2 protein chains.
Amino acid sequence: MPHCHTYLKRLRDHGYRITPQREMIIQIIAHCGRHMSAEEVMEKVRAKTSSINIATVYRTLDLLVENGLASRFDLGNGNTAYATSEHGPHIHLVCKHCGSVTEITESDISASLDRIEDLYDFDCRPYHFSVHGLCRDCRDTRTD
Amino acid sequence: MPHCHTYLKRLRDHGYRITPQREMIIQIIAHCGRHMSAEEVMEKVRAKTSSINIATVYRTLDLLVENGLASRFDLGNGNTAYATSEHGPHIHLVCKHCGSVTEITESDISASLDRIEDLYDFDCRPYHFSVHGLCRDCRDTRTD
DNA sequence: TTCCTTGTTGCAAACGTTCGCAACAAAGGA
DNA sequence: TCCTTTGTTGCGAACGTTTGCAACAAGGAA
Ligand SMILES: [Mn+2]
Ligand SMILES: [Mn+2]
Ligand SMILES: [Zn+2]
Ligand SMILES: [Zn+2]
């Protein structure tokens with residue numbers, strides 16, 4: 001249940017301006033539910049209006065991330081995904097061989113993250129990040 | 001104590017050819033001790049011979065990673081680093097705000113990685129990867 | 001409503017990285 | 001030693017993303 005006007009209000013309260021481009025981008029990513037690439041967001045927005053540029057999409061997504069309204073994460077192989085806080089928090093197991101993504105809950109590793117926080121004073125929250133490795137299929141197939 | 005000829009032999013045994021470019025790149029990264037970007041490797045090699053191309057550097061580093069002779073890891077902000085197995089295994093705490101990198105030992109979170117392996121059959125080893133978050137300084141400075 | 005300030009946009013160039021392709025050369029066999 | 005095979009290179013184009021800059025327009029003030 002995304003409330004786009006909440007996101008917009010938050011930006012306005014922080015002194016940012018509300019533009020048609022930002023409204024479109026926020027509506028798309030907030031209603032989508034899953035994570036999307038910048039290019040996907042671009043295409044969905046362009047289907048509604050041609051007045052959009054890929055640089056603006058990246059800048060708006062970055063703005064949302066910087067203001068805690070969305071998260072950005074590395075899906076490996078140079079692919080980056082964005083999602084609003086509707087999606088998460090959780091952890092991605094990204095296979096570095098086949099690229100498959102398994103979503104697991106943060107509770108599975110929260111003890112270690114707490115420990116990192118205690119020992120190193122390093123804040124690993126929000127817990128939307130990726131762990132890269134090898135999925136079962138790819139491990140079994142490995143020849144070396 | 002890097003033994004370049006070991007790396008070279010390993011490649012040869014896998015059916016790859018030993019070229020002057022590969023010898024140079026391996027010598028640089030194996031003797032360096034720390035992790036380096038592809039561009040850094042390029043510059044060091046170029047200081048010795050001009051016969052090197054950035055595409056070849058990337059291809060060679062990828063080859064080493066694919067054959068388990070080096071690791072590649074995301075330092076955040078789109079920066080990628082490479083290192084031979086002399087460096088590691090360990091974990092990077094990468095601050096998404098200031099980019100600082102803290103190296104911690106794998107034992108700090110190995111319990112969670114074991115758990116992921118058990119529950120999801122996902123291999124997170126070798127343990128040379130990054131955890132993105134906020135360092136103490138950047139957390140204290142945060143305004144929002 | 002109109003104006004002014006200044007944050008935002010589109011564009012084009014640049015960034016780091018990957019890819020296709022033709023020329024080249026490492027390695028093994030004759 | 002030379003030849004043949006085929007893996008590797010350099011180059012240039014392309015990729016996804018970031019950046020500088022001038023034109024534009026959101027939002028507040030008058
Ligand atoms: Mn996710
Ligand atoms: Mn390291
Ligand atoms: Zn896999
Ligand atoms: Zn920091």
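These numbers were taken from a predicted model, which means no experiment stands behind them. Labels below follow one simple rule: chain letters A, B, ... track the order of the sequence lines, proteins then strands, and each chain is numbered from 1.
Rounded to whole Å, the distance from CD1 on Ile52(B) to P on dA25(C) is 14 Å. In this structure, the CG atom of Asn79(B) is 15 Å from the P atom of dC15(C), given to the nearest Å. Between Leu63(B) atom CG and dG7(D) atom P the separation is 13 Å, expressed in whole Å. Note: CZ (Arg72(B)) to P (dG16(C)) measures 18 Å, nearest angstrom. If you measure from atom CG of Asp62(A) to atom P of dG16(D), you get 17 Å, rounded to the nearest angstrom. Look at CZ on Arg17(A): it is 12 Å from P on dA25(D), rounded to the nearest Å. One atom, NE2 of His14(B), and another, P of dT6(D), lie 21 Å apart when rounded to the nearest Å. When rounded to the nearest whole Å, the span between CG of Leu8(B) and P of dT8(D) equals 13 Å.
When each of dG10(C), dA27(C), dG27(D) is scored by its nearest atom to the side-chain atoms of Ile18(B), the top-ranked nucleotide is dA27(C). Side-chain proximity of Arg22(A) to dA26(C), dT8(C), dT9(D): nearest is dT8(C).
Residues Gly15(B) and Thr56(B) each lie close to DNA chain D; by heavy-atom proximity, the contact nearer the 5' end of the strand is made by Gly15(B). Mapped onto DNA chain C by nearest heavy atom, Tyr16(A) and Pro20(B) fall at different nucleotides, with Tyr16(A) at the one closer to the 5' end.
Using a 4.0 Å cut-off, some side-chain N or O of Thr19(A) falls inside it from OP1 or OP2 of dT9(C). Side-chain nitrogen and oxygen atoms of Arg12(B) include at least one within less than 4.0 Å of the OP1 or OP2 phosphate oxygen of dA27(C). Gln21(B) has a side-chain polar atom (N or O) that falls below the 4.0 Å cut-off from OP1 or OP2 of dG10(D).
For residues 41-51 of chain A, proximity to DNA chain D is found at no residue, defined as any non-hydrogen atom under 4.0 angstrom from a strand atom.
The closest side-chain heavy-atom distance from Thr49(B) to Gln21(B) is not below 4.5 Å. The shortest side-chain heavy-atom distance between Leu11(B) and Ile26(B) falls under the 4.5 Å cut-off. Considering only heavy atoms from C-beta on, Tyr120(A) comes within 4.5 Å of Leu93(B) through its side chain. Residues Leu61(A) and Arg72(A) are not in side-chain contact: their nearest non-hydrogen atoms beyond the backbone lie 4.5 Å or more apart. By the 4.5 Å heavy-atom criterion applied to side chains, Ile109(A) and Ile109(B) are not counted as neighbours. When side chains are defined from C-beta on, Ile52(A) counts as touching Ile25(A), because their heavy atoms get closer than 4.5 Å.
For Asn53(B) (side chain) and Ala55(B) (main-chain N/O), a donor-acceptor pair under 3.5 Å exists by modelled atom type. Between the side chain of Arg22(B) and the backbone N or O of Arg17(B) there is at least one donor-acceptor pair closer than 3.5 Å.
By the 30° and 60° cut-offs, the orientation of the rings of Phe73(A) relative to His92(A) is perpendicular.
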- Message: Tyr16(A) vs Leu63(A), test: side-chain contact (heavy atoms from CB on, under 4.5 Å). Steps then yes/no.
- Response: CA-CA 10 Å; Tyr16(A) 299 107; Leu63(A) 186 72; 3.5 Å; yes
N/O-N/O pairs, protein side and nucleotides 19-22 of chain D side, under 3.5 Å:
from    : atom 1 : to       : atom 2 : distance (Å)
dG20(D) : O6     : Arg59(A) : NH1    : 3.3

